[in-house]
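So the structure is just underneath, and the comments pick up after that.
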Amino acid sequence: MNASDFKLKILPLSGKLNRFASRLLNNGEDARDVVQDVFLKLWQIRDQLEAVENPEAFAMRITRNKCLDKIRASRLVPIDEETDRRLKNQTVDVHSQVEWSETAARVHELIGQLPEQQQTVMFLRDIKHYEYEEIAQVTEMNANAIRVNLSRARKKVRDELLKTWNYEDERSKNIAATLL
């Protein structure tokens, strides 16, 4: 189909398509936009329009489909404040859980690097929650030695964890400075 045939057969449908789109969309401006999109689509496939038996019905169907697409795209799912708050809290909770699990994994790794006595004492006291008397029976150490080893182990783990966090903070700052 050439330009003159397009002007004679397709463009006169403008009013009918516009009224149809206006009825579906309840908005004249959106209807005009849809009809313009329909004409653009028809122009792009103008060579195939000669095979179409009823170009008016074809144009109406394209208009209807474009209107339905516009209606679907404009639908918003309303979220009440409570749902919005819960979604935000879940996101924060997920981030917190990831951070806690990463921190716990790092603490277990650091405990594994301690001397054997400190590992044993820290594991029994902080992870298994044994009392000092129970730890003394298992390790055959006196209570003061257990307290000293536990204190040293906790300090080493805490210091290494702080170094890791400070390194990550500095790394984040350097990355941000590089990007900005």
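Index from 1, following the sequence.
- Hydrophobic clustering, with ILVMFWY side chains joined whenever heavy atoms are under 4.5 angstrom apart, groups F6 together with V38.
- Contact of the L13 side chain with the F58 side chain is not registered, since no non-hydrogen atoms from C-beta on lie closer than 4.5 Å.
- Remark: E29 CD to S22 OG distance equals 11.0 Å, nearest 0.5 Å.
- Applying the side-chain hydrogen bond (donor to acceptor under 3.5 Å, both in side chains) rule to E109 yields the partners R106; only residues at least two apart in sequence or on another chain are considered.
- Atom CD of Q113 has more than 12 heavy atoms from other residues, nucleotides or ligands within 6.0 Å.
- Atom CG of residue N149 and atom CG of residue N144 lie 11.0 Å apart, to the nearest 0.5 angstrom.
- The CZ atom of R32 lies 11.5 Å from the CG atom of L25; values are rounded to the nearest 0.5 Å.
- In this structure, Y132 places its OH atom where more than 12 heavy-atom neighbours from other residues, nucleotides or ligands lie under 6.0 Å away.
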#### Entry: Residues D69, R72; criterion salt bridge (charged side-chain N to carboxylate O under 4.0 Å, His left out); working and verdict
CA-CA 5 Å; D69 289 344; R72 283 186 200 112; 3.3 Å; yes
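- Shown here for Q118 and A153, the closest heavy-atom pair between the two residues is CB-CB, 3.7 Å.
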### Message
I'd like to know whether H108 forms a side-chain contact (heavy atoms from CB on, under 4.5 Å) with I127, so could you lay out the CA-CA distance, the side-chain angles of the two residues, the decisive distance to 0.1 Å, and finally the verdict.
### Response
CA-CA 10 Å; H108 282 284; I127 295 174; 3.6 Å; yes
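- Between L124 and T139 the shortest side-chain heavy-atom distance falls below 4.5 Å.
- Not counting sequence neighbours, K41 has no partner by the salt bridge (Lys or Arg N to Asp or Glu O under 4.0 Å) test.
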### Message
Apply side-chain contact (heavy atoms from CB on, under 4.5 Å) to residues R61 and N65 and explain how you reach the verdict.
### Response
CA-CA 6 Å; R61 173 158 289 175; N65 291 341; 3.7 Å; yes
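- No continuous path of ILVMFWY side-chain contacts below 4.5 Å connects V121 to V148, so the two sit in separate hydrophobic clusters.
- Residue Q117 places its CD atom among 12 or fewer non-hydrogen atoms of other residues, nucleotides or ligands, all under 6.0 Å distant.
- Taking the side chain as every heavy atom from C-beta outward, Q36 and L40 never approach each other to under 4.5 Å.
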### Task
For F123 and K128, run side-chain contact (heavy atoms from CB on, under 4.5 Å): C-alpha distance rounded to whole Å, both residues' side-chain angles, the deciding distance at 0.1 Å, then the answer.
CA-CA 6 Å; F123 176 78; K128 292 292 185 176; 3.4 Å; yes
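- A 4.5 Å side-chain heavy-atom check between C67 and R64 finds every atom pair outside the cut-off.
- Going from atom CD1 of I135 over to atom CD of E133 covers 9.0 Å, rounded to the nearest 0.5 Å.
- Here the side chains of V138 and E134 are not in contact, with every heavy-atom distance at 4.5 Å or above.
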### Query
Hey, mind stepping through I10 and W43 against side-chain contact (heavy atoms from CB on, under 4.5 Å) and telling me if it holds?
CA-CA 9 Å; I10 305 298; W43 177 253; over 6 Å; no
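- To the nearest 0.5 Å, the span separating OG1 on T120 from CE on M122 amounts to 12.0 Å.
- Among residue pairs with one or both ends in residues 136-162, those qualifying as salt bridge (charged side-chain N to carboxylate O under 4.0 Å, His left out) are D126-R154, K155-D159, E160-K163; sequence neighbours excluded.
- Once rounded to the nearest 0.5 Å, the distance linking OG1 of T63 with CG of L17 reads 4.0 Å.
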